[in-house]
Protein chains: 2
Amino acid sequence: MTEQSAPTTAASGSTARGEQTRQLILDTAMRLFRERGYARTTMRAVAQEAGVAVGNAYYYFDSKEHLVQEFYAGTQREHRAAADTVLARERDFGPRLAGVLHAGIDVLSPYHAFAGAFFKTAAEPTSPLSPFSAESSAPRDMSIALFREALTGSTAKLDAELREALPELLWLGYMGVVLYWVHDRSDGQVKTRQLIDGVVPLVDRLVALSRLRVLRPVTRQTLALISTLRH
Amino acid sequence: MTEQSAPTTAASGSTARGEQTRQLILDTAMRLFRERGYARTTMRAVAQEAGVAVGNAYYYFDSKEHLVQEFYAGTQREHRAAADTVLARERDFGPRLAGVLHAGIDVLSPYHAFAGAFFKTAAEPTSPLSPFSAESSAPRDMSIALFREALTGSTAKLDAELREALPELLWLGYMGVVLYWVHDRSDGQVKTRQLIDGVVPLVDRLVALSRLRVLRPVTRQTLALISTLRH
DNA sequence: CCCTGAATTTGAACACGTTCAAGAGGGGCG
DNA sequence: CGCCCCTCTTGAACGTGTTCAAATTCAGGG
């Protein structure tokens with residue numbers, strides 16, 4: 001229930017004329033995506049079920065894929081909310097990280113069937129929907145902030161430089177987890193849960209080890225490489 | 001100019017009747033993909049330029065995306081060939097790995113402009129074109145074999161268990177490099193080269209360090225996790 | 001030389017995402 | 001009230017990937 005970035009505020013009941021129509025179309029589309037999957041949901045069906053003309057849907061959304069972008073933003077907000085309850089409770093880095101990761105998958109769960117299509121659009125670099133694109137920087141930054149919070153709010157001790165760079169790496173790892181989840185055909189996507197529970201202690205231990213003398217050069221080199229690649 | 005996997009051999013001039021047509025369509029499509037990009041190449045244009053009816057293209061290829069799969073298989077063969085010259089020369093693990101990775105990007109280079117579309121189809125888990133799908137297991141296994149060769153043909157000393165599991169991890173890392181390359185907008189994709197040159201020494205060092213007492217538990221845990229996730 | 005069955009080829013037709021010119025509604029202003 | 005202008009709505013039309021029943025080609029047997 002947080003604010004949108006749109007120019008209209010949600011404070012009063014009377015926003016721009018078409019706001020209700022927009023929401024109706026979006027809700028209808030999301031329902032059909034869940035019921036029929038992405039590919040088998042036609043824009044004509046969305047329009048018909050919402051009781052508007054097909055062109056009207058295109059007045060509010062640039063394309064069918066942009067409907068998915070709204071989904072992306074929505075789950076992002078839910079992820080934040082779900083993670084916050086865990087972050088308020090835990091202090092250790094491991095459980096905090098696990099909590100954020102599990103919360104992300106929790107939120108995505110109802111959409112597993114059509115999440116493939118979601119990732120399909122996300123993978124195309126020219127698409128504004130790519131999680132790496134400039135257009136997605138807002139939700140991406142919010143997601144990275146979540147991992148930063150998991151780290152800085154914890155009792156973990158680590159190098160200042162690593163502390164700065166790690167959140168983005170954790171987000172990248174999260175993208176990997178989501179990729180695994182999308183391909184995960186196990187019952188209730190149990191394997192993804194196992195992946196999280198197995199990988200978190202490893203990350204936790206490696207972060208602790210990074211201060212060791214033998215691993216210092218590796219840490220340094222890694223951070224240097226990242227800063228090179230970032231321009 | 002290596003052999004195809006098709007049942008017909010290329011030795012005599014008389015293969016199945018339509019083999020030439022098939023190749024003509026494929027070559028035309030690849031040329032148009034390079035010239036105009038994937039999205040702006042219509043199947044009608046491919047058919048017209050190849051001098052056949054549009055339905056004929058669908059007789060040989062199940063879909064437009066399946067034309068991309070042929071591209072995938074083709075570059076796989078070229079990758080093998082390009083990597084072999086490096087692997088015949090080098091003995092150290094680092095240079096061997098770097099050679100294989102650079103060879104892969106070398107082969108892909110001419111297609112950078114339309115590689116986005118390639119990755120788009122590759123990301124969808126339900127698609128047979130996904131590098132993780134059962135249908136792509138042949139090229140995937142060939143690619144993994146390439147990394148196994150880079151490792152086993154080297155002088156690197158490492159745990160037997162790790163030696164067994166590492167090639168697949170290296171292939172996974174290679175997928176990551178390709179993903180980075182697809183998004184790489186730097187001139188001539190220099191940054192991808194920097195990524196390879198920066199990451200290879202790190203991997204090399206970590207593999208060496210994996211035998212150290214402090215890192216043994218981490219290695220063990222990692223390998224255990226992988227075997228859990230593989231069923 | 002014709003006949004038969006399979007391989008190949010054709011192009012009109014279909015469903016879908018998307019566009020766009022045209023209109024409807026409705027509020028502010030003279 | 002009349003006029004204007006901006007927001008919103010419409011649905012026919014376009015271009016695309018794909019399908020399919022029909023036509024064509026061809027090798028080999030009779």
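Model, not experiment: these values are computed from the prediction. In what follows, every chain begins at residue 1, and chains take the letters A, B, ... in the order their sequences are listed.
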Q: Could you state the atom-to-atom distance from OH of B:Tyr60 to C1' of D:dT18 in whole Å?
A: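 About 18 Å, once rounded to whole Å.
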
Q: Looking only at atom types and distance, does a side-chain atom of B:Arg80 sit under 3.5 Å from a main-chain N or O of B:Ser143, one as donor and one as acceptor?
A: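 No, B:Arg80 side chain to B:Ser143 backbone: no donor-acceptor pair under 3.5 Å.
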
Q: Return yes if some donor-acceptor pair links the side-chain N/O of A:Lys191 with the main-chain N/O of A:Tyr180 below 3.5 Å, else return no.
A: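 Judged by distance alone, no pair lies under 3.5 Å.
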
Q: Less than 4.0 angstrom between a side-chain N/O of B:Asn56 and OP1 or OP2 of C:dT10, yes or no?
A: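 So the side-chain polar atoms of B:Asn56 do come within 4.0 Å of the phosphate oxygens OP1 or OP2 of C:dT10, strictly under.
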
Q: The side chain of A:Tyr59 is closest to which nucleotide in this list: C:dT9, D:dC8, D:dG11?
A: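 It is D:dC8.
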
Q: What is the distance, to the nearest angstrom, from the CG atom on A:Leu24 to the P atom on D:dC8?
A: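 Distance, rounded to whole Å: 15 Å.
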
Q: Using a 6.0 Å cut-off, check whether atom CZ of A:Arg31 has over 12 heavy atoms from anything other than its own residue.
A: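 Atom CZ in A:Arg31 is packed in, count exceeds 12.
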
Q: Go along nucleotides 12-19 of chain C 5' to 3' and tag each nucleotide: B for a protein heavy atom under 4.0 Å from its base, S when only backbone or sugar atoms are that close, - otherwise.
A: BB--BBBB

Q: Knowing that exactly one of B:Arg148, B:Arg140, B:Arg230 qualifies, which makes a salt bridge (charged side-chain N to carboxylate O under 4.0 Å, His left out) with B:Glu168?
A: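 Only one of B:Arg148, B:Arg140, B:Arg230 forms a salt bridge (charged side-chain N to carboxylate O under 4.0 Å, His left out) with B:Glu168, namely B:Arg230.
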
Q: Sort out for me which residue in B:Asp106, B:Asp184, B:Asp187 forms a salt bridge (charged side-chain N to carboxylate O under 4.0 Å, His left out) with B:Arg193.
A: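 The option that passes is B:Asp106.
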
Q: For B:Arg96, is there an ion pair with B:Glu149 - N to carboxylate O distance below 4.0 angstrom?
A: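 A salt bridge is absent here (no side-chain N lies under 4.0 Å from a carboxylate O).
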
Q: Does atom CD (B:Glu35) have a neighbourhood of more than 12 heavy atoms from anything else shown, all under 6.0 Å?
A: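 Atom CD in B:Glu35 is packed in, count exceeds 12.
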
Q: Using modelled atom types and a 3.5 Å cut-off, is there a donor and acceptor pairing between side-chain atoms of A:Thr75 and backbone atoms of A:Leu108?
A: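 Answer holds: no.
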
Q: Pick out the pairs of N or O atoms, protein on one side and nucleotides 24-28 of chain D on the other, that lie under 3.5 Å.
A:
{"unit_1": "D:dT25", "atom_1": "O2", "unit_2": "B:Arg17", "atom_2": "NH1", "d": "3.4"}

